Enquirer: 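Please read through the structure below; I'll follow up with questions.
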Amino acid sequence: MSEIRQRQIHLDFHTSEYIDSVGELFDKEEFAERLEQANVNSVTCFSRCHHGWLYYPSKKFPELIHPKLKNHNLLLEQIEACHKRNIKVPIYTTVQWDGRVMREHPEWLSVDENGNYIDTQHVEWPHFYYTICINSGYRAFFKDQLADVIEVVGPDNVDGIFMDILFQVDCKCEHCQKKMKELGMDVESKKERLRYSNMMLNEFKEEITAFIKERAPKATVFYNSSHVGPASKDSFKDYSHLELESLPSGGWGYDHFPATSRYARNLGKNIIGMTGKFHTYWGDFHSLKNKAALEFECFSMLAFGAGCSIGDQLHPSGKLSEGAYDLIGQVYKSVKEKEPYCVNAKSMAQIAVITPEEFYPEGAYDLGISPSLIGTVRMLQELSYQFDIIDSQMDLNKYKVVILPDCIYHNENLEKVMKDYIAQGGCVIGSYDSCINKNGSDSIYGVAYKGESEYYREFVMPNNVIGKDLPKEEHVMYVRGYDVEVEEADVIMDKISPYFNREGEKFCSHQHTPSKGVKGRPAVTRFGNVIYFSHPVFYAYRKNAARWCKLMVKDALELLLPDKLVSHNGPSTLLTALNKVENRSILHLLHYITEKRSEDIYTIEDVIPLYRVEIKIHTHGKEIKNVQLVPEKKNIEFSQKGNVVTFVVDKIEGHTMVELS
């Protein structure tokens, strides 16, 4: 396997045939020199774009070379000049979007149950977004084009193959129907069609990886679906590494990358984070991201154990933007300095969050990141807990606490996994519909499910166990919960009922009636090392950011996890990540505040420094001999009492790293 570089550029070149003189200003030495000056050590360059054109001197498909391309050796010269400077050049090709195929081979396109072409992007015409079915005759063409580019470039010069746009679609074309019938599958069932689509994608990846490895054994291989999650897990054996496409301003948002990377880093593959230099989305020519935003996105990749990739699009002239590479160069200069403290990092997580993606209903393949997971990630990051996101097939026993956020739906296998974990001393926090057996009283929580709450909004009463830092009066829960009855568990927080629901002829004021002061069913229970919230507290936090929900979860965690790894006296906007790199611990401190200054996107413009922040690290019996800022190698005074090391960081300006050895 080739080395996975940590400072990459993903250089789009989707170029219309209506643009003249393509590549006329390209100078290979200037191109590679600009990348080198920007501290880039890998750049993904194009063999074929979404418009359907080739950018190399194809032997098999000369008619597909971009009709306005001035220099047919564009890709070859990009590779040659970059290799001279030890910059790797993975080769890009599109898979399921191709404008030429759309026009010339409609028989290769995916169609829905009504016979319409499938457009997952819903962009007004003109576009190249009709999805190609890789079950059609297109597959042979795709393999021929791959073989062609490998032969023309030369196998030894192929650092990697990046294949873009592979995703599950509800295809009912004649090719898929034929294959499904051969397998005895119901072509009239949407669930079956989607299940077959996933099977077919996995089969395609296995076939193509073998095809590439036979021709270019050293090449890295990656298939891009814009998201890495449990749904694709069975096919990751055919990937050399994982690239996490996540442009915060491009539809993914700032919640996507932390949730995705905290899962992906447990899959046994090197991971690369991918953002963009664009202010908004791919293809946003002549825009630059705010430097603070690009810093935060790249430094977050380092903190979560990933290398960095920044998306750009080469101008049709073939000339790189000076402004873009000045910006990228400044950020990558810092990344380069920090790399020795980040490569091969392993998270020191105490908590595992089970991902709801594993439990999406069959056929619900396009739900994205669960709001409950987003709420969980936000809570734990704001509370400075160290956590991973995992699926139920991964090893739970290395974590002290497992969180089941709201919608980790019950099944017998999950219940067995959780019971085995609890029997070995593991602690669990579950909420709402997670691992609740609705058909019987047996429960990991020691409670019996009775049904949905009578009230769409009810209240909780804080006490000295849960809600201990809250006023001892009712707090509204904005989302309907479940009613449960304790069997073996203890009630550690009560629900309080309202006067009535807002329904029929009854209503009071603008939203909901106030508390009647009457104690209802349990809000929070404890059964040994297992705590249960009867409301969807994580979704509620995502929806309304009610601080009392976060403090309730904090109190539950403190009951189960008294030896919290990282604590500080800074604001909740300070993000911490503690990693192990060889025989030292590296603490990342990030302070960037996202804002929605525009109608459409969140971004970051200002870096607001923090001063004199006190940090406490639980060492779990290890003696700390030195604490220093890195890469500056500036020592910090510290004290150690028992298992807790305390020190003060004088200034956190954006991103600061502290090494404990």
Side-chain angles (χ1 to χ4, degrees), residues 6 244 246 248 254-267 270-273 275 295-308 334-335 337-353 373-374 376-390 398-401 403 557 561 563-582 584-594 604 610 613-620 627-631 636 645 647 649 652-661:
Q6 303 290 306
L244 313 182
S246 187
Y254 277 103
D255 293 307
H256 180 266
F257 182 73
T260 305
S261 60
R262 289 178 185 275
Y263 175 74
R265 67 188 181 185
N266 299 296
L267 292 168
N270 289 328
I271 63 173
I272 301 293
T275 184
E295 283 180 347
F296 175 65
E297 292 155 22
C298 289
F299 297 158
S300 293
M301 295 172 198
L302 299 181
F304 297 142
C308 302
S334 187
V335 169
E337 292 167 348
K338 296 174 181 190
E339 264 177 25
Y341 305 93
C342 303
V343 175
N344 298 322
K346 302 296 181 186
S347 74
M348 296 176 65
Q350 294 180 297
I351 298 170
V353 179
L373 184 60
I374 291 174
T376 311
V377 170
R378 287 189 177 185
M379 269 193 196
L380 296 180
Q381 288 188 163
E382 290 166 14
L383 292 168
S384 192
Y385 281 100
Q386 306 305 303
F387 66 100
D388 284 337
I389 296 171
I390 66 170
K398 62 181 181 178
Y399 302 101
K400 295 193 173 184
V401 178
I403 294 178
L557 280 167
L561 190 62
D563 56 346
K564 182 182 179 185
L565 263 177
V566 181
S567 303
H568 62 79
N569 65 351
S572 62
T573 48
L574 176 60
L575 189 154
T576 67
L578 187 63
N579 297 328
K580 178 69 73 176
V581 180
E582 296 174 347
R584 55 196 175 179
S585 300
I586 304 295
L587 175 67
H588 293 260
L589 302 163
L590 292 114
H591 192 249
Y592 295 86
I593 298 176
T594 60
I604 302 167
L610 300 176
V613 178
E614 183 181 80
I615 309 289
K616 293 185 177 181
I617 307 287
H618 199 289
T619 66
H620 293 94
V627 177
Q628 64 175 353
L629 296 176
V630 289
I636 301 175
V645 165
F647 55 90
V649 178
I652 300 170
E653 189 166 16
H655 180 220
T656 296
M657 297 192 306
V658 180
E659 178 188 85
L660 295 90
S661 56

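Owing to the predicted nature of the structure, the values given are computational and were not obtained by experimental measurement.
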Enquirer: Looking at Lys338 and Pro631, what are the two nearest heavy atoms and their distance?
Expert: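 The answer is CG-CD, 4.2 Å.
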
Enquirer: So, using side chain to side chain donor-acceptor pair (under 3.5 Å) as the criterion, who are the partners of Glu339 when residues are at least two apart?
Expert: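 With sequence neighbours excluded, Glu339 shows a side chain to side chain donor-acceptor pair (under 3.5 Å) to Arg7, given in chain and number order.
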
Enquirer: Answer yes or no: is there a side-chain heavy-atom contact under 4.5 Å between Gln386 and Val566?
Expert: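 Yes, their side chains come closer than 4.5 Å.
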
Enquirer: Are any non-hydrogen side-chain atoms of Val658 and Phe647 less than 4.5 angstrom apart?
Expert: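 Sidechains of Phe647 and Val658: in contact.
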
Enquirer: Short question: side chain of Ser300, backbone of Phe296 - any donor-acceptor pair under 3.5 Å?
Expert: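 The answer is yes, because a donor-acceptor pair under 3.5 Å joins these two groups.
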
Enquirer: Please tell me if the side chains of Ser585 and Met348 come closer than 4.5 Å, counting only heavy atoms from C-beta onward.
Expert: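 In contact.
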
Enquirer: Might you point out which heavy atoms bring Ile271 and Ser261 nearest each other, and give the distance in Å?
Expert: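 Scanning both residues completely, I find the closest heavy atoms to be CD1-O, 4.3 Å.
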
Enquirer: Look up atom CD1 in Ile390 and atom CD1 in Ile351, then write down how far apart they are to the nearest 0.5 Å.
Expert: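 Answer rounded to 0.5 Å: 12.0 Å.
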
Enquirer: Could you tell me whether the side chain of Gln628 and the main chain of Glu659 form a donor-acceptor pair under 3.5 Å?
Expert: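 Not at all, since once roles are kept as given, no pair shorter than 3.5 Å links the two residues.
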
Enquirer: Look up atom CD in Gln6 and atom SG in Cys342, then write down how far apart they are to the nearest 0.5 Å.
Expert: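 Between atom CD of Gln6 and atom SG of Cys342 there are 8.5 Å.
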
Enquirer: Which atom names give the shortest non-hydrogen contact between Ala259 and Leu373, and what distance separates them?
Expert: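 Minimum heavy-atom separation between Ala259 and Leu373: CB-CD2, 4.2 Å.
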
Enquirer: Which atom names give the shortest non-hydrogen contact between Cys308 and Cys298, and what distance separates them?
Expert: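 Scanning both residues completely, I find the closest heavy atoms to be SG-O, 3.6 Å.
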
Enquirer: Aromatic rings His588 and His655: how do their planes relate, parallel, tilted or perpendicular, breaks at 30° and 60°?
Expert: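 Rings of His588 and His655: parallel, under 30°.
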
Enquirer: Quick one: pull up CG in Leu590 and OG1 in Thr576 and give me the separation to the nearest 0.5 Å.
Expert: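 Separation between the atoms: 9.0 Å.
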
Enquirer: With rounding to the nearest 0.5 Å, note down the distance linking CG in Leu575 to CZ in Phe304.
Expert: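 Separation between the atoms: 5.0 Å.
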
Enquirer: Please answer whether the main-chain N or O of Thr376 pairs with a side-chain N or O of Gln381 as donor and acceptor at a distance below 3.5 Å.
Expert: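 Checked: no pair found.
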
Enquirer: For Glu653, check salt bridge (charged side-chain N to carboxylate O under 4.0 Å, His left out) against everything at least two apart and list the hits.
Expert: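 If we apply the salt bridge (charged side-chain N to carboxylate O under 4.0 Å, His left out) test to Glu653, skipping adjacent residues, the hits are Lys651.
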
Enquirer: Within this structure, what is the CZ-OG distance for the pair Arg265 and Ser347, rounded to the nearest 0.5 Å?
Expert: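 Between atom CZ of Arg265 and atom OG of Ser347 there are 4.0 Å.
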
Enquirer: Using the ring-ring contact (aromatic ring centres under 6.0 Å, His included) criterion, which residues pair with His618? Sequence neighbours excluded.
Expert: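 In terms of ring-ring contact (aromatic ring centres under 6.0 Å, His included), with neighbours along the sequence ignored, His618 is linked to His620.
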
Enquirer: Work out which heavy atom in Leu383 is nearest to a heavy atom in Lys564; give both atom names and the distance.
Expert: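 What the structure gives for the nearest pair is O-NZ, 2.5 Å.
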
Enquirer: Could you list all the salt bridge (charged side-chain N to carboxylate O under 4.0 Å, His left out) pairs where at least one residue sits in residues 566-581, not counting sequence neighbours?
Expert: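 The answer is none; no pair qualifies.
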
Enquirer: Stepwise, does the side-chain contact (heavy atoms from CB on, under 4.5 Å) test hold for Ser334 with Phe299?
Expert: CA-CA 9 Å; Ser334 187; Phe299 297 158; 3.5 Å; yes

Enquirer: If you measure only the distance, is there a donor-acceptor pair under 3.5 Å linking the side chains of Tyr385 and Gln350?
Expert: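 No, because no side-chain N or O of Tyr385 sits under 3.5 Å from a partner of the opposite role on Gln350.
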
Enquirer: Any side-chain donor-acceptor pair under 3.5 Å between Thr275 and Glu297?
Expert: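 The criterion, which ignores hydrogens and geometry beyond distance, is satisfied for Glu297 and Thr275.
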
Enquirer: Please enumerate all residues that pass salt bridge (charged side-chain N to carboxylate O under 4.0 Å, His left out) together with Arg262, with sequence neighbours excluded.
Expert: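 Partners of Arg262 by the salt bridge (charged side-chain N to carboxylate O under 4.0 Å, His left out) criterion come out as none, since no residue qualifies.
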
Enquirer: Where do Asp388 and Val353 land on the side-chain contact (heavy atoms from CB on, under 4.5 Å) test, with the steps shown first?
Expert: CA-CA 6 Å; Asp388 284 337; Val353 179; over 6 Å; no

Enquirer: Kindly give the heavy-atom pair with the smallest separation between Val581 and Pro340, and that separation in Å.
Expert: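 Taking Val581 first and Pro340 second, the nearest heavy atoms are CG1-O, 4.3 Å.
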
Enquirer: Return the set of residues passing side chain to side chain donor-acceptor pair (under 3.5 Å) with Tyr341 (not counting sequence neighbours), or none when no residue passes.
Expert: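 Side chain to side chain donor-acceptor pair (under 3.5 Å) check on Tyr341 returns nothing, list empty.
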
Enquirer: Treating Asn266 as the side-chain partner and Ile389 as the backbone partner, does any N or O pair qualify as donor plus acceptor under 3.5 Å?
Expert: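 Yes, Asn266 side chain to Ile389 backbone: donor-acceptor pair under 3.5 Å.
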
Enquirer: What distance separates His568 NE2 from Ser384 OG, expressed to the nearest 0.5 Å?
Expert: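 So the gap between those two atoms works out to 4.0 Å.
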
Enquirer: Could you check whether any side-chain heavy atom of Met657 comes within less than 4.5 Å of a side-chain heavy atom of Leu589, counting everything from C-beta outward?
Expert: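 No, every pair of side-chain atoms sits at 4.5 Å or beyond.
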
Enquirer: Please walk me through it: do Leu302 and Val335 pass side-chain contact (heavy atoms from CB on, under 4.5 Å)?
Expert: CA-CA 8 Å; Leu302 299 181; Val335 169; 4.2 Å; yes

Enquirer: Any side-chain heavy-atom pair from Ile615 and Val613 closer than 4.5 angstrom?
Expert: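 Side-chain contact under 4.5 Å: yes.
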
Enquirer: Where the side chain of Asn579 meets the backbone of Ala303, is there a donor-acceptor pair that is under 3.5 Å apart?
Expert: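 Yes, Asn579 side chain to Ala303 backbone: donor-acceptor pair under 3.5 Å.
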
